[in-house]
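Here the structure comes first, spelled out in structure tokens, and everything after it is commentary.
For this chain, numbers begin at 1 and follow the sequence in order. Everything quoted here is computed from the prediction, not taken from an experiment.
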Amino acid sequence: EVQLVESGGGLVQAGGSLRLSCTASGFTFDDRTIGWFRQAPGKEREAVACIYDSDGKAYYSPSVKGRFTMSGDNAENMVYLQMNTLKTEDTAVYYCAVALSPRRKTLAVRTTALGADPSSAYDSWGQGTQVTVSA
């Protein structure tokens, strides 16, 4: 029943910006932790950002902190990831995801803070949107 649909990916030059969007259904934003992770070819999944519903704060991985900003609109059931000062290293498929249980919510925060693989934290995610950053 939970569904997440990402959009907004594309091709940009290094130093440029993109804003990704995620439309969600099947759950209420304000009592779930929503996040973004990415996966580049040949690499493990990497948590990028999440909003922890317990405190309402956004958390970021070390590789994107200061460059990316995550936000949400509960009324519209949408989540955004504003990506600035993009680097070629940011090239990946980006997914939005949801953690439903208290344990998985805290795991989402912890994996995001570490920039680790959040697969064990999230219950569901979308099909992804491709972000390609050229030199």
Side-chain angles (χ1 to χ4, degrees):
E1 194 73 272
V2 173
Q3 293 190 45
L4 300 155
V5 181
E6 304 92 337
S7 63
L11 174 65
V12 297
Q13 292 183 324
S17 299
L18 280 175
R19 188 168 88 146
L20 307 183
S21 299
C22 175
T23 301
S25 63
F27 62 94
T28 303
F29 268 36
D30 63 2
D31 63 358
R32 299 290 185 265
T33 288
I34 313 298
W36 291 90
F37 69 87
R38 64 189 182 186
Q39 187 165 29
K43 298 183 67 177
E44 296 294 323
R45 292 169 180 165
E46 178 189 9
V48 172
C50 71
I51 297 177
Y52 187 38
D53 63 291
S54 293
D55 61 12
K57 292 178 60 178
Y59 295 83
Y60 302 95
S61 68
S63 64
V64 308
K65 192 171 186 178
R67 300 188 297 119
F68 292 9
T69 303
M70 184 177 176
S71 61
D73 186 338
N74 289 342
E76 301 294 332
N77 271 12
M78 295 192 72
V79 166
Y80 305 95
L81 185 67
Q82 179 67 46
M83 307 187 295
N84 298 326
T85 319
L86 282 162
K87 305 175 180 180
T88 56
E89 296 92 329
D90 296 316
T91 295
V93 177
Y94 284 71
Y95 302 85
C96 64
V98 60
L100 301 176
S101 71
R103 181 176 184 272
R104 289 191 170 204
K105 291 174 183 179
T106 59
L107 285 174
V109 172
R110 294 179 70 180
T111 55
T112 296
L114 295 170
D117 185 342
S119 298
S120 62
Y122 290 116
D123 292 274
S124 184
W125 50 85
Q127 83 286 352
T129 186
Q130 176 72 50
V131 172
T132 303
V133 184
S134 63

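- Other residues, nucleotides and ligands contribute over 12 non-hydrogen atoms within 6.0 Å of the CD atom of Gln127.
- In this structure, Thr91 OG1 and Gln130 CD are separated by 7.5 Å, a value rounded to the nearest 0.5 Å.
- Contact detail for Leu18 and Val131: the closest heavy-atom pair is CD1-CG1, 3.9 Å.
- How far OH of Tyr80 is from CG of Asp73: 5.5 Å, rounded to the nearest 0.5 Å.
- Listed here is the closest heavy atom pair of Asp123 and Ser101: OD2-N, 4.1 Å.
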Thr106/Tyr52 under side-chain contact (heavy atoms from CB on, under 4.5 Å): CA gap, chis, key distance, verdict: CA-CA 8 Å; Thr106 59; Tyr52 187 38; 3.4 Å; yes
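- Judged by distance alone, the side chains of Ser63 and Glu46 do bring a donor and an acceptor atom under 3.5 Å apart.
- Taking hydrophobic clusters as Ile, Leu, Val, Met, Phe, Trp and Tyr residues chained together by side-chain heavy-atom distances below 4.5 Å, Val98 shares a cluster with Phe29.
- The two residues Thr112 and Ala49 come nearest to each other via the heavy atoms CG2-CA, 3.8 Å.
- In this structure, the separation between CD on Glu1 and OG on Ser25 is 7.0 Å, given to the nearest 0.5 Å.
- Two residues are said to be in side-chain contact when any heavy atoms from C-beta on lie closer than 4.5 Å; Asn84 and Ser17 meet this criterion.
- Distance alone, capped at 3.5 Å, places no donor-acceptor pair between the Lys65 side chain and the Ala113 backbone.
- Remark: Asp30 CG to Asp53 CG distance equals 8.0 Å, nearest 0.5 Å.
- Cluster membership check: Val93 shares its hydrophobic cluster with Trp125, using side-chain heavy-atom separations under 4.5 Å among Ile, Leu, Val, Met, Phe, Trp and Tyr.
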Leu86 vs Gln13, test: side-chain contact (heavy atoms from CB on, under 4.5 Å). Steps then yes/no. CA-CA 8 Å; Leu86 282 162; Gln13 292 183 324; over 6 Å; no
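- Proximity of a side-chain donor or acceptor of Gln39 to a complementary backbone N or O of Ala92 within less than 3.5 Å is not detected.
- Across every non-hydrogen atom of Phe27 and Ile34, the tightest pair is CE1-CD1, 3.3 Å.
- To the nearest 0.5 angstrom, Ser120 atom OG is 7.0 Å from Arg103 atom CZ.
- No donor-acceptor pair closer than 3.5 Å links the side chain of Thr111 to the backbone N or O of Pro118.
- Closest heavy-atom contact between Asp31 and Lys105: O-NZ, 2.7 Å.
- A distance-only check finds a donor-acceptor pair linking the side chain of Tyr60 to the backbone of Met70 [under 3.5 Å].
- Side-chain atoms of Ser119 and Asp117 form a donor-acceptor pair, as typed in the model, at a separation below 3.5 Å.
- Without hydrogens or angle criteria, Glu6 side chain to Cys96 main chain gives a donor-acceptor distance under 3.5 Å.
- When all heavy atoms are compared, the tightest approach of Leu81 to Val48 is CD2-CG1, 4.2 Å.
- Remark: the backbone N or O of Ala99 is not paired with any side-chain donor or acceptor of Arg104 at under 3.5 angstrom.
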May I have the step-by-step check of side-chain contact (heavy atoms from CB on, under 4.5 Å) for Met83 and Tyr94, ending in yes or no? CA-CA 11 Å; Met83 307 187 295; Tyr94 284 71; 3.8 Å; yes
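- Within the 4.5 Å cutoff, the side chain of Cys50 has heavy atoms near those of the Tyr122 side chain.
- Cluster membership check: Leu4 shares its hydrophobic cluster with Trp36, using side-chain heavy-atom separations under 4.5 Å among Ile, Leu, Val, Met, Phe, Trp and Tyr.
- Hydrophobic clustering keeps Phe37 apart from Phe68 (ILVMFWY residues linked when any side-chain heavy atoms are closer than 4.5 Å, directly or through intermediates).
- Between the side chains of Arg38 and Ser61, no donor-acceptor pair of N or O atoms lies under 3.5 Å.
- Note: the hydrophobic cluster containing Val133 also contains Leu20 (ILVMFWY, side chain heavy atoms under 4.5 Å, direct or indirect links).
- Considering only heavy atoms from C-beta on, Ser71 stays 4.5 Å or farther from Gln82 through its side chain.
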